[in-house]
Amino acid sequence: MRWIALKMLMGDPAKYAGLVFGIAFATLLMTQQVSIFMGIMRRTASQIIDISDAQIWVMDNKVRFIDEVPALPDTDLSRVRGVPGVQWAAKLYKGQVRARLADGNFRNVILFGLDDASFVGAPQEMIVGHLSDLRRPDAVIIDKAGYEYMWPGEEYKIGREVELNDHRAVLVGVCKASAPFTTLPVLYTRYSQALGFVPRERNLMSFVLAQPQPNVPVEELCRRIESQTGLMALTKDQFFWKTINYFLGSTGIPVNFGITIGLGFIVGAAVTGQTFYLFTIENLKQFGALKAMGVTNLRILGMIMLQAIVVGTIGYGIGIGLTAAFFEATGNITHLAGLFMTPQAFAGVGAAVLLIILLTSVIAARKVLVLEPAIVFRG
Amino acid sequence: MTTATLTRRVSGGRTASDGVLAVECRGVTKEFGNGDTKTLALRGVDLDARPGEMTLLVGPSGCGKTTLISIIAGLLNPSGGEVNVLGTRLDKLSGSRLVKFRAANIGFVFQQYNLLPALTAAENAAVPLVIAGEYKSAAVKRAAEVLESVDLGERTQARPSQLSGGQQQRVAIARALIHQPRLLVCDEPTAALDAQSGQTVMQLLRRVALDPKRAVIVVTHDNRIFQYGNRVVSMSDGRVVDERQQLVADVAQLDHVA
């Protein structure tokens, strides 16, 4: 009976296309929005992701997320270093300054001040220049997206100068870095150099980055640091989720994306459900004839489920393909960099589509299953 | 009309009253709804149909003939009475056993053909074999042979939309016969057809009814086809009011008349 079910499904190309389109559209909308949402959330913690050479972040115990960090006194670095089990600890400055360009324009930038000796927290991949060039006077390294934002359409050029808080800064390299939430350029410099670029405050150290000794569990060391210093010590993963959870709970982003994703589900379910229902209703006499001729309800249900699964699989495949094409096409656009189709979106939307086709087929099948086969004798 | 019980010779030299009854209804009643909305569609119907005969059920709209044929075909359960079809008490069967019985023993011809529009004529005709578990290729091959016997050998690959009403009904008849059922029930098989196509379809059904192992019951109010039935059973208001056995001309003569 499977071939009969498939021929019935594809016998009306317009309705078949409508069914596939409904699922494909829902898949595209949901996968794209879920992926962009996850990408944006990931961006809120992109600087945490990028710093891979330290496992522990130590900060003021009232910090809620990475962009709102009160400075620590420099003595805290020594206190952290004094905790048993700490292999090494290094200071890190993170803040925002205004960069004035040669043509008078200005841009806000995120500034990282790296430990002068170790460069802990430095970018992992350089496109132009060398990390060691940061040792030069007034040296800064900028991320690729930031360079294109500050000097759009221009080739990478070492030696460019910008003013940071009336101080001259010289570009010595361009690096790869994850796009930040605000799409601001990211500048890296030495910690001692950063102190000259930013307005003077009593304390300027944002974080202490620390690494446990071998055989010392990270979580255990975090507990020790917190108990001995009164500071907050988080693993990289914990800080990543703390930042994301702040944005999830304190901004309208999840609600807005949630509405769009929900609408995608509803529109997909409505279009597919209505079309499939009408398709079934129009074939009610044929289903009645099949029942009269001896097809059981179970086989009818199997036929309808097969039709729904075929429509769902093809529609889902097209939708995923379109989403992949979208991210492939936009992958090189600077402000969309770092957004990609995530496995979670792929699987989650697959489950949503499965739910849509199950709901759809159950609603459609219900009409057929309760159908009296005697209907075929009513002209 | 007067009730007459006649035994006439039909082509092949056998008698219509030979053998056991294919259908035997005794005191069949059927109610729809309940309370104030209760309707009595059948009020104690007795009906016999014999193998090798074509029985016509005639009467005005709403007289209960469609309800009766639905009960005989196992599509509706009677509210009361006995329904014996091919030696099986249908009123005692239920669920999957009834479905299996229908699939194995009954062929259906519908007023609106009820062909699947996406399937070819051969595929449509093959459906009962597929339901019975036959492979598609074998079923379609057999269907092509049956279509040949109803003069549609050239149109096996045509879809219903490419066929005339008469041709569609002949495909439906091929579908009804392909699994060699012992009872063929036809609901207004000529109602949607012009006169010429109606005669062609009835001649075909007449030939089918010559099979001594098969009974044919036709519901109709088309008096142009009354001549094809061995027996004409008239119904009114849920009852059989007249039953007339009649001489049926040889198929060759019917062809000539047509």
Side-chain angles (χ1 to χ4, degrees), chain A residues 1-20 275-276 278-304 306-308 310-311 314 364-365 367-379, chain B residues 30 61 65-71 73-77 95-96 98-120 123-124 126-133 135-137 139-140 159-161 172 175-176 178-179 181 185-188 191-192 219:
Chain A
M1 298 299 289
R2 285 193 293 271
W3 64 270
I4 294 178
L6 294 178
K7 282 216 160 188
M8 284 175 77
L9 174 67
M10 297 168 191
D12 187 335
K15 284 198 179 61
Y16 176 56
L19 285 166
V20 171
T275 312
F276 201 63
L278 289 175
F279 168 78
T280 307
I281 294 297
E282 285 177 8
N283 284 302
L284 216 50
K285 278 254 175 185
Q286 278 74 34
F287 279 121
L290 289 175
K291 286 181 81 168
M293 286 187 279
V295 180
T296 60
N297 269 344
L298 198 61
R299 289 177 88 176
I300 295 270
L301 185 63
M303 290 172 74
I304 291 174
L306 175 66
Q307 290 171 339
V310 167
V311 164
I314 295 173
K367 198 81 179 170
V368 179
L369 297 183
V370 300
L371 178 73
E372 280 282 350
I375 189 178
V376 291
F377 280 150
R378 294 173 204 142
Chain B
K30 180 64 184 177
S61 294
K65 54 188 188 299
T66 297
T67 303
L68 180 60
I69 200 176
S70 298
I71 289 171
L75 301 178
L76 275 182
N77 290 319
S96 59
L98 190 57
V99 173
K100 280 181 187 169
F101 180 84
R102 280 204 309 265
N105 297 297
I106 301 177
F108 293 90
V109 178
F110 309 109
Q111 180 179 338
Q112 296 297 333
Y113 329 127
N114 288 336
L115 300 176
L116 295 170
L119 306 192
T120 64
E123 289 168 342
N124 264 295
V127 166
L129 291 183
V130 176
I131 293 171
Y135 284 112
K136 180 193 174 188
S137 54
V140 171
R159 293 186 192 282
S161 59
R175 179 180 65 182
I178 193 166
H179 58 308
V185 292
C186 312
D187 179 46
E188 303 278 10
V219 166

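Reminder, nothing fancy here: chain letters follow the sequence lines and each chain counts from 1. What's counted below: heavy atoms across the whole structure, side chains too, no hydrogens, waters or symmetry copies.
B/I131 approaches A/L290 most closely through the heavy-atom pair CD1-O, 4.3 Å. Across all their heavy atoms, B/A118 and A/G11 have their closest contact at CB-CA, 3.5 Å. Residues A/G294 and B/A103 share a closest heavy-atom pair of CA-CB, 3.8 Å.
Interface residue B/K136: backbone and side-chain heavy atoms are both found under 4.5 Å from chain A. For B/I71, no part lies near chain A; criterion is any non-hydrogen pair under 4.5 Å.
Atom CE of A/M293 and atom CZ of B/R102 lie 10.5 Å apart (nearest 0.5 Å). Distance check, rounded to the nearest 0.5 Å: CG of B/N124 to CD1 of A/I4 gives 8.5 Å.
With chain A as the partner, the residue from B/S70, B/G74, B/A104 showing the most heavy-atom pairs under 4.5 Å is B/S70. Heavy-atom pairs under 4.5 Å with chain A were tallied for B/R159, B/E188, B/E123; the largest tally goes to B/E123.
Residues A/K7 and B/L116 have side chains not in contact (no heavy-atom distance under 4.5 Å, counting atoms from C-beta outward). With contacts defined as side-chain heavy-atom distances shorter than 4.5 Å, the pair A/Q286/B/P117 qualifies.
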- Stepwise side-chain contact (heavy atoms from CB on, under 4.5 Å) check, B/F110 with A/K285: CA-CA 11 Å; B/F110 309 109; A/K285 278 254 175 185; over 6 Å; no
